[in-house]
Amino acid sequence: MGLKELAGNNLGLTSLDLRKLKICFLLADRIEIVPTETIEKKYNLRAGMINQIAEQVSWLLESAYKISELVSDMVNNSQHITILDHMLTNLELKNFLKALALQVKFGVPKEAIGLANLHVPNLGRVYIQRLVQNDLAQAEKIRQTDIEFLKKILPEKIALELKQVVAEKSSTSSTPIQEVDFFAEVKLEIDGSTVKNRWKVVLNQIQHVLSYCSFKYLLKLVEAVYSKPEGWIHKLDLDEGDNQAKYIYRLRKELSLKAEEVIENNGAGSYRLNLKKEEVRVNKENLVRMGEEEIKRLVGKL
DNA sequence: ATCGGCTATAGACTTCAGCG
DNA sequence: CGCTGAAGTCTATAGCCGAT
């Protein structure tokens with residue numbers, strides 16, 4: 001059904017319904033990279049208004065995503081699971097909301113979210129569409145593409161900038177770039193500054209100050225996320241002796257975590273952080289500045 | 001206050017010998 | 001061979017204590 005039929009209002013929709021539908025159609029067009037000029041004419045709105053609508057709707061979608069995440073956490077900890085809860089815990093729904101929020105925000109198709117999220121200056125929807133049409137939606141593909149070809153489909157300055165950003169992204173990550181999750185947000189931040197002998201970290205937007213021992217354990221777990229397959233580190237690599245369970249227990253307690261939440265155990269004597277590399281940010285400068293040899297050594301491996 | 005050594009206990013899970 | 005129960009392993013959670 002197009003706008004004209006809707007405007008004819010054969011379905012007896014209220015004007016409020018029509019307004020909502022108009023925004024839906026508008027945003028859908030925008031995601032499919034219909035040129036802004038066309039959208040302006042079709043919906044009789046100017047670009048500024050269109051961007052504002054996208055911004056607001058994206059924010060609401062992002063909120064819906066956050067709620068779905070919270071509810072699923074609550075449900076995971078409860079015994080009573082209804083069909084509704086299943087819908088809310090559904091990973092697909094969460095991912096859908098998150099992706100849609102970003103799609104609406106940037107006004108690009110799903111496969112181009114990562115590209116838009118690179119925030120390359122002046123790389124707007126239209127240029128992104130050219131990249132998508134040339135099967136260059138993934139950073140890795142752009143990395144492998146000759147700069148001369150990029151210059152043909154993008155203005156030279158943007159092409160050079162894009163190449164550079166993509167190269168930087170891959171050098172900070174040891175895995176191939178296609179595995180990088182562009183949706184990832186920082187969940188754990190190792191700040192590394194100290195407050196009265198306690199070390200600052202931020203987990204899920206909540207700040208904690210850890211004892212040296214707990215902090216060291218956390219840093220070792222982070223290092224394993226970077227260096228080991230699946231991020232598992234055996235307790236004997238964590239520490240000598242046989243107190244590891246106790247120290248992990250103390251670390252969890254200082255982070256207000258329950259067992260198996262964020263810090264997992266695999267039943268074979270290994271522990272890991274249930275986080276992706278992209279979800280962890282380490283302030284290396286701070287850590288090195290503290291001058292602790294052991295900490296410096298760990299930072300060197302990141 | 002923090003750390004690390006030692007100890008204990010409950011519970012989940014695995015292994016294995018012995019039995020029918 | 002499959003089943004069962006005992007023994008063993010591993011973890012989470014603790015407590016106590018002495019050193020710093």
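All chains are named by letter (A, B, ...) in the order of the sequence lines, taking the proteins before the strands, and each is independently numbered beginning at 1. In this text the structure is predicted, and so the values were computed from the model without any measurement. All values below were derived from every heavy atom in this structure, side-chain atoms included, with hydrogens, water molecules and symmetry-related copies excluded.
Donor-acceptor pairing under 3.5 Å is recorded for the side chains of A/Arg125 and A/Thr36.
When the C1' atom of B/dG4 is taken as reference, atom CD1 of A/Ile248 falls 15 Å away, rounded to whole Å. Following rounding to the nearest Å, A/Lys253 (NZ) and C/dT13 (P) show an atom-to-atom distance of 9 Å. What separates CG of A/Leu238 from P of C/dC10 is a distance of 16 Å, to the nearest Å. Taking atom OH on A/Tyr249 and atom P on C/dT13, their separation rounds to 6 Å, with Å as the unit. A/Arg272 places its CZ atom 17 Å from the C1' atom of C/dT11, with the value rounded to the nearest Å. Summarising the geometry, the separation between CZ on A/Arg252 and P on C/dT13 is reported as 6 Å, rounded to the nearest angstrom. Atom CH2 of A/Trp199 is separated from atom P of B/dC3 by 11 Å (rounded to the nearest Å). Distance A/Gln244 CD to C/dT11 P: 9 Å, rounded to the nearest Å.
Not one side-chain nitrogen or oxygen of A/Ser211 sits closer than 4.0 Å to the OP1 or OP2 atom of B/dA1. Of the side-chain N and O atoms in A/Tyr271, one or more sit less than 4.0 angstrom from OP1 or OP2 of C/dA12.
Residue A/Lys216 is out of contact with every strand shown, counting any heavy-atom pair closer than 4.0 Å. No engagement by A/Phe215 is indicated, since no non-hydrogen atom pair under 4.0 Å with the nucleic acid exists. Residue A/Tyr247 is classed as a base contact, given a heavy-atom separation below 4.0 Å to a base.
One finds a salt bridge joining A/Lys151 and A/Glu148 here, because a Lys/Arg side-chain nitrogen approaches an Asp/Glu carboxylate oxygen to under 4.0 Å.
The local environment of CD in A/Glu111 is crowded, with over 12 non-hydrogen atoms from other residues, nucleotides or ligands closer than 6.0 Å.
For A/Asn265 and A/Arg250, each mapped to the nucleotide of DNA chain C holding its nearest heavy atom, the one lying further toward the 5' end belongs to A/Asn265. For the pair A/Lys246 and A/Lys235, nearest-nucleotide mapping onto DNA chain C gives the more 5' position to A/Lys235.
Between A/Gln103 and A/Ile113 there is a side-chain heavy-atom pair separated by less than 4.5 Å.
The ring pair (Phe, Tyr, Trp, His ring centres under 6.0 Å) analysis of residues 113-143 of chain A, with sequence neighbours excluded, yields the pairs A/Phe106-A/His119.
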